[in-house]
Q: 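Have a look at this one.
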Amino acid sequence: MNDDFYIFDVAGNDLSNHPFKIDMYICCICLQGESIGKINLLPHHMSSSKMSINVSGQILEQISISDDFKGICIFMSNDFINSLGLPYNFQTYMLLQDNPVLDLQSGQLEAMISYCTMVRKVIENKHPYQLDVIRHLTCAFFYGMGYYFHEISKNKILSNDEALMDNFSKEVQLFYRKERKGTLLCGQTTFIRRLFINHYKACQWENCCGMD
């Protein structure tokens, strides 16, 4: 759909086993079988009733996948995600970076399958406002999963840098309508400088590895 949204079934041999850097958001629900792969060079295991959520910029690599593997995969472009207008939550972002594979309870799995079924019906019926309807359904999905993400992230211990960034992002969300100048950043200059340095080093590393 305009290169913004794809949903399709995944079988045993559909996936590439070469590492690649993604420039979109990917959600994969495992219904049967198992799969082993790497996300940002770290090994992860998928099996029935598990869901992976990969954020743009991650490096994925498929190691092995069982012959009986069945799943549903959803690709969402950065523009599509940005158009949802969801509030940014740094802790949730870090959770998905550190724990991209999530265990789904039976009710959560049923909700995910229902979401996929509704989205497919909208596409198959060629609804005149397809993308708008899918945006609303996807917002409902993210808000529905929001409490689950919150419960998991509550138990995550943030590093000093992560905690500082989390507090900073909350302040921006709170005051961005009033504070449109750099005054909001005054107390964060040391951290921002360090953040840029770390980002620069990460970019250098990626360039050296040819990942751009």
Side-chain angles (χ1 to χ4, degrees), residues 1-17 20 22-39 44-58 60-62 64-89 92-93 95-97 99-153:
M1 293 184 61
N2 300 325
D3 295 330
D4 281 323
F5 189 96
Y6 297 92
I7 181 169
F8 55 95
D9 293 319
V10 182
N13 297 316
D14 286 349
L15 302 178
S16 169
N17 59 354
F20 58 96
I22 59 174
D23 59 357
M24 61 181 63
Y25 290 76
I26 300 176
C27 174
C28 187
I29 308 154
C30 180
L31 305 175
Q32 178 182 306
E34 61 179 359
S35 170
I36 299 173
K38 292 181 180 180
I39 302 172
H44 290 278
H45 175 258
M46 282 276 284
S47 57
S48 181
S49 299
K50 288 190 176 185
M51 175 177 70
S52 66
I53 299 181
N54 302 110
V55 301
S56 181
Q58 288 183 329
L60 308 185
E61 181 181 359
Q62 186 71 46
S64 65
I65 188 168
S66 64
D67 292 334
D68 63 340
F69 183 90
K70 290 183 180 179
I72 303 171
C73 206
I74 302 169
F75 289 179
M76 294 171 280
S77 72
N78 291 324
D79 288 341
F80 178 81
I81 291 294
N82 292 335
S83 73
L84 299 180
L86 296 170
Y88 178 77
N89 186 297
T92 299
Y93 177 80
L95 165 70
L96 294 177
Q97 288 277 12
N99 303 283
V101 179
L102 307 171
D103 290 302
L104 297 177
Q105 305 300 320
S106 59
Q108 294 166 337
L109 179 60
E110 290 170 8
M112 278 302 306
I113 294 174
S114 295
Y115 161 76
C116 294
T117 301
M118 288 189 287
V119 165
R120 281 177 160 157
K121 284 183 178 178
V122 171
I123 295 173
E124 290 168 5
N125 294 337
K126 297 183 179 179
H127 193 287
Y129 301 104
Q130 278 185 345
L131 204 54
D132 290 327
V133 174
I134 291 174
R135 280 194 189 101
H136 287 293
L137 290 173
T138 306
C139 278
F141 153 67
F142 275 113
Y143 279 114
M145 293 298 294
Y147 179 74
Y148 177 51
F149 294 152
H150 173 71
E151 286 299 300
I152 298 175
S153 63

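It should be emphasised that the depicted structure is a prediction, and the values quoted were computed from it without experimental measurement.
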Q: Which distance, rounded to the nearest 0.5 Å, do you find between the CD of Q108 and the CG of D103?
A: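 Here the rounded value is 9.5 Å.
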Q: So, taking the atom named NE2 in H136 and the one named CG in L84, what distance separates them when rounded to the nearest 0.5 Å?
A: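 The CG atom of L84 is 10.0 Å from NE2 of H136, to the nearest 0.5 Å.
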Q: To the nearest 0.5 Å, tell me how far S56 OG sits from Y25 OH.
A: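 Those atoms lie 6.0 Å apart.
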Q: Minimum heavy-atom separation for M24 and N78, please, with both atom names.
A: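 So the minimum-distance heavy-atom pair works out to CA-OD1, 4.2 Å.
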Q: Salt bridge check: are R135 and D4 linked by an N-O gap of less than 4.0 Å?
A: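 Salt bridge between R135 and D4, a charged N being under 4.0 Å from a carboxylate O: no.
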Q: What residues form a side-chain hydrogen bond (donor to acceptor under 3.5 Å, both in side chains) with S49, not counting sequence neighbours?
A: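 None.
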Q: Calculate, to the nearest 0.5 Å, the distance between atoms CD1 and CE belonging to I36 and M46 respectively.
A: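 Here the interatomic distance stands at 12.0 Å.
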Q: Below 30° counts as parallel, above 60° as perpendicular, anything between as tilted: where do the rings of Y115 and F141 land?
A: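 Rings of Y115 and F141: parallel, under 30°.
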Q: Any side-chain heavy atom of I22 sitting closer than 4.5 Å to one from F75?
A: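 Not in contact.
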Q: How close do D68 and Q32 get, counting heavy atoms only, and between which atoms?
A: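 Of all heavy-atom pairs spanning D68 and Q32, the closest is O-NE2, 2.9 Å.
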Q: Is there side-chain contact between H44 and P100, with at least one heavy-atom pair below 4.5 Å?
A: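 H44 vs P100: side chains touch.
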Q: Quick one, D9 and K70 - any side-chain contact, counting heavy atoms below 4.5 Å?
A: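 They are not in side-chain contact.
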Q: So, E34 side chain and S66 main chain: donor-acceptor pair closer than 3.5 Å or not?
A: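 It does not hold such a pair.
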Q: Quick one: does I74's side chain get under 4.5 Å of V119's, heavy atoms only?
A: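 Not touching, per the 4.5 Å side-chain cut-off.
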Q: Between V10 and F69, does the side-chain contact (heavy atoms from CB on, under 4.5 Å) criterion hold? Intermediate values first, please.
A: CA-CA 8 Å; V10 182; F69 183 90; 4.0 Å; yes
Q: Could you give me the CA-CA distance, side-chain angles and deciding distance for D3 and S77, then say whether side-chain contact (heavy atoms from CB on, under 4.5 Å) is met?
A: CA-CA 7 Å; D3 295 330; S77 72; over 6 Å; no
Q: Donor-acceptor check, side chain of S48 to backbone of G33, threshold 3.5 angstrom: yes or no?
A: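 Judged by distance alone, no pair lies under 3.5 Å.
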Q: Considering residues, nucleotides and ligands other than H45, do more than 12 of their heavy atoms fall under 6.0 Å from its NE2?
A: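 Count over threshold, so yes.
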Q: To the closest 0.5 Å, what do you measure between OG1 (T138) and CE (M118)?
A: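 Spacing of OG1 (T138) from CE (M118) equals 9.5 Å.
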Q: My understanding is that only residues two or more places apart in sequence, or in another chain, count here; which of them pass salt bridge (Lys or Arg N to Asp or Glu O under 4.0 Å) with D79?
A: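 Per chain and number, D79 pairs via salt bridge (Lys or Arg N to Asp or Glu O under 4.0 Å) with no residue.
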Q: When rounded to the nearest 0.5 angstrom, what distance separates CG in L31 from OG in S47?
A: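 One gets 11.5 Å once the value is rounded to the nearest 0.5 Å.
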